[in-house]
Number of protein chains: 4
Amino acid sequence: MLKKTPHRESSRLSREQRAADILKHARIVFCEKGYSDTLVSEIAERAGVVEGSVFHYFPTKRELLIKAVEQWYTGLIWDYDHRLESITGTWNRLRFMIWGHLNVIHEEPEMTKLIVEEIRPGPEYRNTAIYELSRNYTRRTLGIIEEAVAAGEFRPDVPTAVVRAMIYGGVEHYAFGFLHGTGDFSADEAADTITDLVYRGLANEGVAQAHMLSEPLTQIEAGLARLKKLTAPKKPASK
Amino acid sequence: MLKKTPHRESSRLSREQRAADILKHARIVFCEKGYSDTLVSEIAERAGVVEGSVFHYFPTKRELLIKAVEQWYTGLIWDYDHRLESITGTWNRLRFMIWGHLNVIHEEPEMTKLIVEEIRPGPEYRNTAIYELSRNYTRRTLGIIEEAVAAGEFRPDVPTAVVRAMIYGGVEHYAFGFLHGTGDFSADEAADTITDLVYRGLANEGVAQAHMLSEPLTQIEAGLARLKKLTAPKKPASK
Amino acid sequence: MLKKTPHRESSRLSREQRAADILKHARIVFCEKGYSDTLVSEIAERAGVVEGSVFHYFPTKRELLIKAVEQWYTGLIWDYDHRLESITGTWNRLRFMIWGHLNVIHEEPEMTKLIVEEIRPGPEYRNTAIYELSRNYTRRTLGIIEEAVAAGEFRPDVPTAVVRAMIYGGVEHYAFGFLHGTGDFSADEAADTITDLVYRGLANEGVAQAHMLSEPLTQIEAGLARLKKLTAPKKPASK
Amino acid sequence: MLKKTPHRESSRLSREQRAADILKHARIVFCEKGYSDTLVSEIAERAGVVEGSVFHYFPTKRELLIKAVEQWYTGLIWDYDHRLESITGTWNRLRFMIWGHLNVIHEEPEMTKLIVEEIRPGPEYRNTAIYELSRNYTRRTLGIIEEAVAAGEFRPDVPTAVVRAMIYGGVEHYAFGFLHGTGDFSADEAADTITDLVYRGLANEGVAQAHMLSEPLTQIEAGLARLKKLTAPKKPASK
DNA sequence: AATGAATGAGCCTTCATTCAT
DNA sequence: AATGAATGAAGGCTCATTCAT
């Protein structure tokens with residue numbers, strides 16, 4: 001109750017800590033209310049600072065949104081990217097990419113909506129780290145396909161850009177109802193179905209039979225890998 | 001208390017004509033500026049009526065948007081639906097559906113953006129004629145696939161909902177860059193590629209043998225699937 | 001289904017009937033919604049005419065309100081005024097006036113609110129038939145008091161204007177909570193209490209005892225009169 | 001997107017000072033024009049701030065009205081309440097309460113109208129500080145009466161709620177004409193008359209004998225009351 | 001007499017952003 | 001670095017009333 005305390009009692013934080021704090025609360029509020037229903041004043045309030053302070057760290061509300069999502073997305077991509085490394089086999093790797101996307105949508109629908117409906121359509125999307133990260137990440141999918149083509153597992157004339165569009169577009173379209181509060185879906189089941197469809201659509205008929213035989217085996221492999229994960233130490237590196 | 005001088009010079013139109021007129025101009029302005037940058041006053045001005053008159057016919061700006069898009073969309077669907085009738089053969093019919101979607105995006109990118117970015121994410125989408133029309137229309141695609149399945153042309157276990165998602169989601173994802181001012185695409189070429197991919201993914205050839213060969217493994221698969229169920233529910237990737 | 005029917009099928013009514021019809025519906029809507037929440041368009045709709053027609057009969061919405069209330073009020077006053085005639089004795093007549101006011105409030109709270117909160121505070125109140133009717137009616141109360149003064153039953157120096165204010169103001173104040181949805185009251189009990197209080201306040205102490213003795217007797221008289229009403233033919237004259 | 005140039009020349013005030021300032025000017029304008037003829041923009045202008053600033057402090061125009069009146073009313077009640085303390089004697093204290101009410105109406109008719117015609121009928125009245133203050137204040141009047149009853153100065157069976165209604169309702173009804181620009185009144189004379197009337201109505205003198213004399217009749221009275229109950233409930237006068 | 005399309009003035013309200021302190 | 005009072009441009013929406021037909 002010392003009257004001399006300058007400004008409030010807000011514990012002195014370093015510039016980075018304060019910014020991160022604001023970012024964290026911004027993300028929460030944006031998720032709860034959506035971009036345009038979010039008031040900067042509410043973010044400020046929850047972060048324990050005044051409105052003006054938010055603008056010290058972030059020039060505009062929009063920038064705040066982008067940075068908040070970027071921060072989250074960076075950790076996410078890093079995580080998934082890392083987990084991909086330990087997976088082998090075209091089918092399994094493809095499935096992981098597809099499952100990952102489905103799973104993020106399922107676990108973090110609000111963040112997904114923010115990206116899909118706010119960030120992406122925005123004019124500045126292409127200058128965003130989200131765009132860059134997302135490009136790099138989906139390129140993994142292309143890489144998997146290209147390797148399969150090189151190995152003769154997939155047809156040599158696969159139109160990779162279209163395939164990528166069908167995978168990611170298909171996943172998002174499939175999950176649209178869930179994102180808008182209608183129904184639910186299983187990421188695992190959907191991942192299996194989609195992977196299968198894609199795999200069949202791309203498979204080289206010349207070697208199709210052999211690979212189709214190996215398909216079930218790779219699934220067993222994948223299942224065992226997941227089981228192994230459960231017995232190993234929990235989440236070794238999360239963000 | 002306030003005296004009004006109605007009528008000015010604007011010709012007296014019937015309710016329907018006036019409403020249609022306003023709708024037409026609304027569509028133009030919404031396309032040019034997007035929903036939130038559109039002023040009702042500008043729509044009124046272009047339609048040659050005062051702002052109040054717009055609200056005489058449409059209770060809110062949002063309703064005006066929906067009705068304007070609905071009017072356009074109804075004509076569009078009618079047109080495409082009609083053209084489908086004269087096309088025969090699974091591949092051709094499938095291609096027409098895919099090409100149609102690509103073509104609309106290509107020819108009317110602003111209307112597409114309005115639907116994809118404004119109408120669809122809106123809370124009232126499901127009560128919209130657009131939703132209904134669009135459902136009926138995409139059901140044609142399912143119909144084509146189901147008929148091909150019945151005829152033995154496609155595999156019997158095709159997951160139609162996923163296929164539809166991949167077709168329409170794929171198309172929209174593919175055209176995303178174009179919609180946002182980056183690059184262009186050929187509706188015809190893309191239609192060919194996508195149709196091909198889908199057709200191959202669903203076609204029946206060579207599947208029989210593979211299935212017979214893989215049969216002994218299905219029991220192991222089933223067991224693994226049960227294990228997967230047990231490991232999956234625990235949010236593996238939620239930050 | 002004859003296409004030639006001019007205008008709608010609205011049965012041709014005489015000017016008076018049409019006006020009365022509009023008035024009736026106006027009263028209903030005004031009661032349901034209050035003055036400012038009532039739309040002229042709704043009155044028109046319920047009366048089966050178009051908006052413009054309402055303004056053929058009544059120059060403004062306000063005038064419509066006043067006329068609607070006047071019509072109702074005229075019948076009401078006529079009714080009560082008529083019933084007063086058959087009542088004798090200062091206490092009984094006073095009680096009837098008080099009970100009447102309480103009873104109207106209790107039976108027609110919406111109309112009461114309209115008069116108290118919309119009509120009376122309005123600038124044109126004094127030019128209203130409601131004002132005139134109401135003045136004439138409350139003058140009955142003054143008459144009763146003056147007669148009692150002349151008869152020596154009440155003190156000679158009774159300030160009649162103040163008494164009237166206390167009676168009517170008191171009744172309205174007492175019923176205020178009920179009018180606004182809080183609680184209820186019994187018109188009969190309140191009438192007894194208020195009449196008693198007024199009577200005592202005005203009674204001539206010189207003859208107080210005698211009259212106080214006769215009080216209970218006049219109540220008996222009144223009660224018998226009411227019982228008689230029940231056995232007689234129902235509502236002989238109700239506008 | 002829009003650049004603003006804040007501050008102009010208006011001196012920077014503390015939140016409380018600015019709010020109080022706006023409140024003061026709001027009260028003035030509301031009194032001059034009445035609630036609905038008051039423009040928020042005018043209040044802002046007089047207070048030397050922009051319209052938006054008013055809404056920075058008060059969420060709605062209505063809230064502004066309520067707060068403005070509350071501020072005034074609080075001071076008023078405090079003042080009168082304080083002055084009551086130094087007055088002794090039932091008659092004197094009663095008269096002060098009555099005179100006070102009359103006096104406020106006479107000195108601040110606009111504020112009175114605001115309360116009586118805008119605040120009280122409003123749906124939020126019961127959650128208002130005005131309601132609370134007013135309740136507490138009029139309870140003083142009840143206190144005076146109850147003390148007089150306890151002291152044997154007033155009859156033991158005084159119906160306090162009805163008396164309060166008659167006092168306050170009577171005062172307001174009496175002053176109605178003045179409030180609406182017709183005539184004037186003397187707070188002092190009216191206070192005397194009303195106090196006298198009330199006092200006589202409640203005083204104990206001569207009552208004892210009358211009651212003793214009338215005792216045998218009370219049983220008949222009670223019986224009749226029961227009969228009355230049976231006849232009353234049937235809407236006797238509802239048109 | 002009846003219609004009903006058209007009016008139009010202006011209200012209340014929003015909220016990201018600024019900058020003197 | 002942090003504050004927080006002040007901005008201000010505009011925007012959607014209302015609805016009684018008019019008058020050519």
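In what follows, chains carry the letters A, B, and so on, assigned in the order in which the sequence lines appear, proteins first and then strands, with residues in each chain numbered from 1.
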Taken to the nearest 0.5 Å, the spacing of Tyr35(A) OH from Ile119(A) CD1 works out to 9.0 Å

Protein-nucleotide distance ([X], atom [atom1]; [N], atom [atom2]), rounded to Å:
X	N	atom1	atom2	value
Ile22(A)	dA2(F)	CD1	C1'	11 Å
Lys61(D)	dG10(E)	NZ	P	14 Å
Leu65(B)	dG12(F)	CG	C1'	15 Å
Phe58(C)	dA16(F)	CZ	P	15 Å
Glu63(D)	dC12(E)	CD	P	15 Å
Gln17(B)	dG4(E)	CD	P	15 Å
Phe55(D)	dA9(F)	CZ	P	17 Å
Glu45(A)	dC15(E)	CD	P	15 Å

Atom CD of Glu45(B): over 12 foreign heavy atoms under 6.0 Å:
no

Checking side chain to side chain contact (heavy atoms under 4.5 Å, CB included) between Leu64(C) and each of Phe55(C), Tyr57(C), Phe30(C), which is the one that passes?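 Going through Phe55(C), Tyr57(C), Phe30(C) one by one, the side chain to side chain contact (heavy atoms under 4.5 Å, CB included) with Leu64(C) is satisfied by Phe30(C) alone.
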
Walking DNA chain E from its 5' end, the first of Glu51(A) and Leu39(D) to be reached, judged by nearest nucleotide, is Leu39(D)

Assert: residue with more 5' nearest nucleotide on DNA chain E, out of Tyr57(B) and Gly52(D), is Tyr57(B)

Please confirm whether any donor atom in the side chain of His56(A) sits under 3.5 Å from an acceptor in the base of dA2(F), or the reverse.
-> yes

Using Watson-Crick geometry (N1-N3 plus N6-O4 or O6-N4) or G-U wobble (N1-O2, O6-N3), each under 3.5 Å, dA10(F) is paired with dT13(E)

Could you tell me the Watson-Crick or G-U partner of dA20(F), where both distances fall under 3.5 Å? Say none if there is no partner.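 Pairing partner: dT3(E).
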
Do any N or O atoms from the side chain of Gln17(D) and from the backbone of Ser14(D) form a donor-acceptor pair under 3.5 angstrom? yes

Give one of base, sugar-phosphate or nothing for [X], where a contact means two heavy atoms less than 4.0 Å apart.
X	value
Thr60(C)	sugar-phosphate
Ser14(B)	nothing
Ser36(A)	nothing

At less than 4.0 Å, is any side-chain N or O atom of [X] found next to OP1 or OP2 of [N]? Yes or no.
X	N	value
Arg15(D)	dG4(F)	no
Ser53(A)	dT3(F)	yes
Arg18(B)	dA6(E)	yes

Salt-bridge test for Glu108(A) and Arg27(A): reply yes if a basic N is under 4.0 Å from a carboxylate O, no otherwise.
no

